[in-house]
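None of these values were measured; they are calculated from a predicted model.
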Amino acid sequence: MARSAGVMLALLALAISARAYYVPGTYPQEFKKGDLLQANVNSLSSFETEMPYEYYTMPFCKPPEGIKRAPNTANPGTILQGLRIENSPYNFTMKVKQTAQMACSPDGYYPALTAAQVKNLKHKIDNHYRVNMVLDNLPVTVYDLLDEEQEFVRPGFELGYKENGKYYINNHLVFNILVYETHGEYTAARAKMSNLAEAVDNKHRLHRRRLAGDAGKGGFASTATAVKEKSSAAATAAAANKDDGSADDPTAFYMVVGFEVSPCSIAREAGKAAEDIVCGVDDDAHITPQEITEGAKIVYTYDVYWQNSNIKWASRWDAYLRMPGGKVHWFSIMNSVLVVLVMASIVAMILIRTVRRDLAKYESLMVDGGSGLDMRDEAGWKLVTGDVFRSPPAARSLAMHIGSGVQIICTALVTVGLAALGFLSPASRGALLTTTIVLYVWLAVVAGFVAVYVWGVMERTYAGWAGVVTRTATFYPGVVMAIFTLVNVAIHGTGTSGAVPVAMYFSIVAVWFLVSIPLTFVGGYLALRVPIRENPVKTNQIPRHIPPPPLAAHPTLLLFAAGVLPFGTLFIELYFAMTSLWLGYFYYLFGFVLLIGLLTVAINAEISVLCTYVQLCAEDYRWWWRSFQRGGAVALYVALYAVGFLVSSLHTLAGTMSALIYLSYMAILITGLYLAMGTVGWLASWVFVRAIFAAVKADERRARHVKPATQRAGGLCRGTQQQMQQTCDVGSGKSSCCATRLPVPLRGVMHRWGQGDIGK
């Protein structure tokens with residue numbers, strides 16, 4: 001009993017401690033007037049180079065306490081994206097206006113620029129690098145966050161500008177911080193949770209002492225006294241804080257809900273006090289900008305203003321996440337829904353009308369034995385019954401592709417689903433990429449399971465499954481690592497923070513070999529315990545001859561046609577995603593992404609079923625690889641779009657290195673899309689083929705029961721309809737056979753005649 005109580009206390013303490021942990025900026029922070037806040041700096045970024053650089057690689061002033069990495073900001077996602085969030089010399093006092101503040105200490109200016117630093121600054125300005133800063137996990141921006149007509153917001157501000165052949169640096173920053181007034185409810189709740197956690201921890205320690213035999217009345221009393229003293233001290237401190245509050249509103253707290261900046265360039269004399277100048281308000285004629293020259297001593301200054309806002313803390317990211325064309329998103333979705341309905345109608349017509357009619361004709365041929373004329377007239381998918389499930393060439397490779405595709409689909413579905421539900425907030429930098437990597441690694445077990453099972457379905461045996469698992473575990477991850485390694489080697493000498501550190505690189509390799517690959521083998525081993533599903537029809541020993549396909553069923557035409565409608569479904573959302581990803585805007589419309597993704601999958605599946613039916617009607621049974629390739633054909637159009645986007649929207653990319661980065665990472669995404677959509681096409685075709693040929697098998701089974709009675713009829717049921725009407729002998733028991741070939745109005749008459757009703 002005592003042990004169980006101890007376990008419960010431990011679990012409760014763990015739960016409370018977990019509840020008390022939070023990432024800064026993802027839990028409400030309240031500040032009182034006079035509290036100190038420090039802005040953090042992030043890596044410099046440019047959409048013209050796609051290569052970020054650490055903030056302090058530039059000639060900027062460093063904080064007096066030294067450069068420190070911001071806590072809880074380093075994760076695989078931020079490291080791979082090249083984000084380095086560190087402290088800065090920009091300090092603010094809540095609700096206190098500050099002007100002409102010096103950022104550099106103790107001299108008040110940055111030392112004389114060297115030739116290398118001047119060259120570095122000019123290079124960054126030519127490539128339109130932006131300085132990124134963070135306050136309470138909110139990025140700084142030059143846009144007006146209160147302007148509701150603002151269609152989008154881009155984080156950061158320009159490092160400097162070029163005018164008349166000269167370069168100038170934005171060394172003076174005017175910060176405008178939006179705050180929302182509260183009454184300290186979040187601070188009180190956090191204090192309550194902290195006290196509860198401390199009380200549980202004290203009880204847990206006391207319980208352990210009792211179990212050890214060391215607890216007594218003295219120990220209990222001392223512990224209780226300590227708790228009471230601490231509670232009393234906390235109450236005294238709270239009362240003191242209340243007394244020190246402002247006279248007008250002693251309970252006033254403030255939350256940061258916006259971080260704006262207006263950068264400008266002001267030449268100041270080093271070593272002298274900074275003059276109070278407001279950029280954009282005073283006459284700029286007397287303001288001389290700070291030119292970037294060798295030997296120049298740059299004075300970095302800043303102003304701080306505070307503005308009350310009605311934006312609540314829960315809505316403070318809404319202004320940053322604005323995206324233009326909201327109606328366009330819904331138009332794209334409605335258009336996709338209509339396409340899905342049309343394609344569903346076509347597929348339903350094929351399944352209900354065409355396939356049923358074909359099965360009815362096939363059943364009549366099986367029942368009647370089939371005359372030569374009837375069999376010659378009969379053509380289409382039913383003639384490949386004995387070959388449709390023949391194992392395809394390179395079956396191991398196909399199983400590998402399908403296993404990798406299922407892994408990518410599951411990873412994307414869970415990640416986008418979590419993002420759409422709000423669990424992967426942009427406030428948690430790198431969380432989206434980190435979650436994707438972790439899910440992909442753990443879902444390797446699914447890839448191994450599916451690949452081995454598909455291999456068994458195609459080969460009718462699990463022999464050689466280890467080779468399938470090995471290929472699955474190394475194929476797509478190997479492609480990603482090869483491209484990733486190539487890009488890192490290429491940019492390693494540039495000094496960019498986008499180059500992954502060596503330790504991080506080998507950590508990724510270790511996770512691949514020590515976690516992902518073993519999990520793939522575990523999934524493959526689990527698949528061995530699943531019995532192989534029997535095919536609906538048997539496969540002939542000798543392959544059937546495949547006639548030349550007609551133009552409408554030509555494989556190349558079907559391949560290119562299969563990707564048109566799926567690409568049309570995701571075209572609009574692809575434009576916004578590409579713009580946000582490569583042009584430096586925020587993107588958080590994952591609800592739209594989820595809807596468009598599901599609609600694309602539905603359309604892809606329907607198109608695959610239609611194309612597979614057309615192929616089988618052309619007496620071509622090689623649908624295994626063709627269905628996968630047609631499903632992945634949408635990736636071909638996305639690749640063409642990516643090249644067009646590079647030429648049209650990213651024409652300002654500086655140098656071949658930036659183009660290499662863009663093309664390399666787009667190649668990874670497009671390859672993943674090909675595997676995922678190809679898997680959707682194959683799976684839809686596999687289910688469709690099994691369904692229609694299972695119906696053929698059922699018809700053959702019914703035909704075997706009817707055919708003996710037909711044979712006993714002496715074969716008189718064969719022939720044309722006129723011959724049957726002349727030779728049918730009701731008395732000999734052949735009416736049921738003959739009636740099946742008579743016109744519909746005569747079938748009921750023949751049936752009643754055979755029963756003797758008409759004779760009566």
Query raised in the report: Within a radius of less than 6.0 Å around NZ of Lys297, do more than 12 heavy atoms belonging to other residues, nucleotides or ligands occur?
Result: no
Query - Any side-chain heavy-atom pair of Asn87 and Ile67 under 4.5 Å - result: yes
Query raised in the report: Any donor and acceptor pair, going by atom type alone, linking the side chain of Asn164 with main-chain N or O of Lys166 inside 3.5 Å?
Result: no
Query raised in the report: Just by distance, do the side chain of Ser664 and the backbone of Ile661 share a donor-acceptor pair under 3.5 Å?
Result: no
Query raised in the report: Have Asn40 and Lys68 got a donor and an acceptor in their side chains that come within less than 3.5 Å?
Result: no
Query raised in the report: Are the side chain of Asn488 and the backbone of Phe484 linked by a donor-acceptor contact shorter than 3.5 Å?
Result: yes
Query raised in the report: What heavy-atom pair brings Ala444 and Ser516 nearest, and what distance separates the two atoms?
Result: CB-O, 3.5 Å
Requested in this report: Would you tell me whether Asn137 and Arg429 have side-chain atoms, one donor and one acceptor, within less than 3.5 Å of each other?
Outcome: yes
Query raised in the report: Do the ring planes of Tyr302 and Phe92 sit parallel (below 30°), tilted (30 to 60°) or perpendicular (above 60°)?
Result: perpendicular
Query raised in the report: Is it true that a side-chain atom of Thr99 and a backbone atom of Asp303 form a donor plus acceptor pair closer than 3.5 Å?
Result: no
Requested in this report: Quick one: closest heavy-atom pair of Thr114 and Glu294, and the distance?
Outcome: C-CG, 4.2 Å
Requested in this report: Indicate the atoms forming the closest heavy-atom contact of Ile437 with Leu80, along with that distance.
Outcome: CD1-CD1, 3.4 Å
Report task. Please step through side-chain contact (heavy atoms from CB on, under 4.5 Å) for the pair Thr288 and Ile266, ending with a clear verdict. Result -> CA-CA 6 Å; Thr288 303; Ile266 302 177; over 6 Å; no
Query raised in the report: Taking the side chain from Glu181 and the backbone from Ala252, do they hold a donor-acceptor pair closer than 3.5 Å?
Result: no
Query - Arg130 side-chain N/O to Pro155 backbone N/O, donor-acceptor pair under 3.5 Å - result: yes
Report summary line: So CH2 of Trp313 and CG of Asp136: to nearest 0.5 Å the spacing works out to 8.0 Å
Report summary line: Rounded to the nearest 0.5 Å, the CH2 atom of Trp512 sits from the CE atom of Met481 at a distance of 6.5 Å
Query raised in the report: For Trp442, does the CH2 atom sit with more than 12 other heavy atoms under 6.0 Å from it, leaving out its own atoms?
Result: no
Only pairs under 3.5 Å count here: list side-chain donor-acceptor contacts from residues 495-507, not counting sequence neighbours, and write none if there are none.
| from | atom 1 | to | atom 2 | distance (Å) |
| --- | --- | --- | --- | --- |
| Thr496 | OG1 | Pro52 | O | 2.3 |
| Thr496 | OG1 | Gly498 | N | 3.0 |
| Ser497 | OG | Pro52 | O | 3.2 |
| Ser497 | OG | Gly82 | O | 2.8 |
| Tyr505 | OH | Thr485 | OG1 | 2.6 |
| Ser507 | OG | Ala503 | O | 2.7 |

Query raised in the report: Can you find a pair of side-chain heavy atoms, one from Phe31 and one from Val179, that are under 4.5 Å apart?
Result: no
Report summary line: For Trp582 and Phe47 the tightest heavy-atom approach is O-CB, 3.4 Å
Query raised in the report: Do the side chains of Val261 and Asn176 get nearer than 4.5 Å, heavy atoms only?
Result: no
Report task. Start with the C-alpha gap between Gln307 and Leu146, add the side-chain angles, then the distance that decides, and say whether side-chain contact (heavy atoms from CB on, under 4.5 Å) holds. Result -> CA-CA 11 Å; Gln307 180 180 355; Leu146 298 180; 3.3 Å; yes
Report task. Compare all side-chain heavy atoms of Thr415 with those of Phe590 and state whether any distance is below 4.5 angstrom. Result -> no
Query raised in the report: Are any of the side-chain heavy atoms of Trp306 and Lys33 separated by less than 4.5 Å?
Result: no
Query - Chi angles and distances behind the side-chain hydrogen bond (donor to acceptor under 3.5 Å, both in side chains) call for Asn308, Tyr254 - result: CA-CA 9 Å; Asn308 291 332; Tyr254 300 94; 5.7 Å; no
Query - Min side-chain heavy-atom separation Met133-Val41 under 4.5 Å - result: yes
Requested in this report: Carefully, step by step, assess Tyr641 and Phe571 under the rule ring-ring contact (aromatic ring centres under 6.0 Å, His included).
Outcome: CA-CA 9 Å; Tyr641 177 82; Phe571 170 77; 5.6 Å; yes
Report task. Return the minimal non-hydrogen interatomic distance between Met578 and Ala642, and the atom names on each side. Result -> CE-CA, 4.2 Å
Requested in this report: Hey, could you give me the CD/CE distance between Glu30 and Met94, rounded to the nearest 0.5 Å?
Outcome: 10.5 Å
Report task. Working to the nearest 0.5 Å, report the span between OG of Ser265 and CD1 of Ile292. Result -> 8.0 Å
Query raised in the report: Between the main-chain N or O of Thr73 and the side-chain N or O of Thr78, is there a donor-acceptor pair closer than 3.5 Å?
Result: yes
Query raised in the report: Between CG of Leu646 and CE of Met666, what distance do you get to the nearest 0.5 Å?
Result: 10.0 Å
Query raised in the report: Does the ring-ring contact (aromatic ring centres under 6.0 Å, His included) test come out yes or no for Tyr161 and Tyr168, once each step is laid out?
Result: CA-CA 5 Å; Tyr161 60 94; Tyr168 303 95; 5.3 Å; yes
Query raised in the report: Between Ser45 and Asn132, is any side-chain donor less than 3.5 angstrom from a side-chain acceptor?
Result: yes
Query raised in the report: Do His172 and Val174 have side chains that get closer than 4.5 Å, going by heavy atoms?
Result: yes
Query raised in the report: So, do Val256 and Gln29 sit near enough that their side-chain heavy atoms are less than 4.5 Å apart?
Result: no
Query raised in the report: For the side chain of Tyr476 and the backbone of Ile668, is there at least one donor-acceptor N/O pair under 3.5 Å apart?
Result: yes
Query raised in the report: What is the ring orientation for Tyr662 with Phe645, classed by angle as parallel under 30°, tilted 30 to 60°, or perpendicular over 60°?
Result: parallel
**Report entry** More than 12 heavy atoms of other groups within 6.0 Å of Tyr665 OH
**Finding:** yes
Report task. Any pair with a residue in residues 46-60 that passes side chain to side chain donor-acceptor pair (under 3.5 Å), sequence neighbours left out, goes on the list, sorted by first then second residue, please. Result -> Thr49-Tyr129
Query - Ile169/Phe60 under side-chain contact (heavy atoms from CB on, under 4.5 Å): CA gap, chis, key distance, verdict - result: CA-CA 11 Å; Ile169 187 171; Phe60 293 142; 4.3 Å; yes
Query raised in the report: Can you tell me if Arg268 uses its side chain to pair, donor with acceptor, with the backbone of Tyr109 under 3.5 Å?
Result: no
Query - Nearest heavy atoms of Leu135 and Gln38, plus distance in Å - result: CD1-O, 4.0 Å
Query raised in the report: Say you draw a straight line from CG of Leu574 to OG1 of Thr579; how long is it, rounded to the nearest 0.5 Å?
Result: 9.0 Å
Query raised in the report: Between Tyr305 and Lys97, does a side-chain contact (heavy atoms from CB on, under 4.5 Å) hold up when you go through it step by step?
Result: CA-CA 5 Å; Tyr305 297 90; Lys97 177 183 176 182; 3.1 Å; yes
Query raised in the report: Is Thr411 reaching over with its side chain to a backbone N or O of Thr436, donor-acceptor style, under 3.5 angstrom?
Result: no
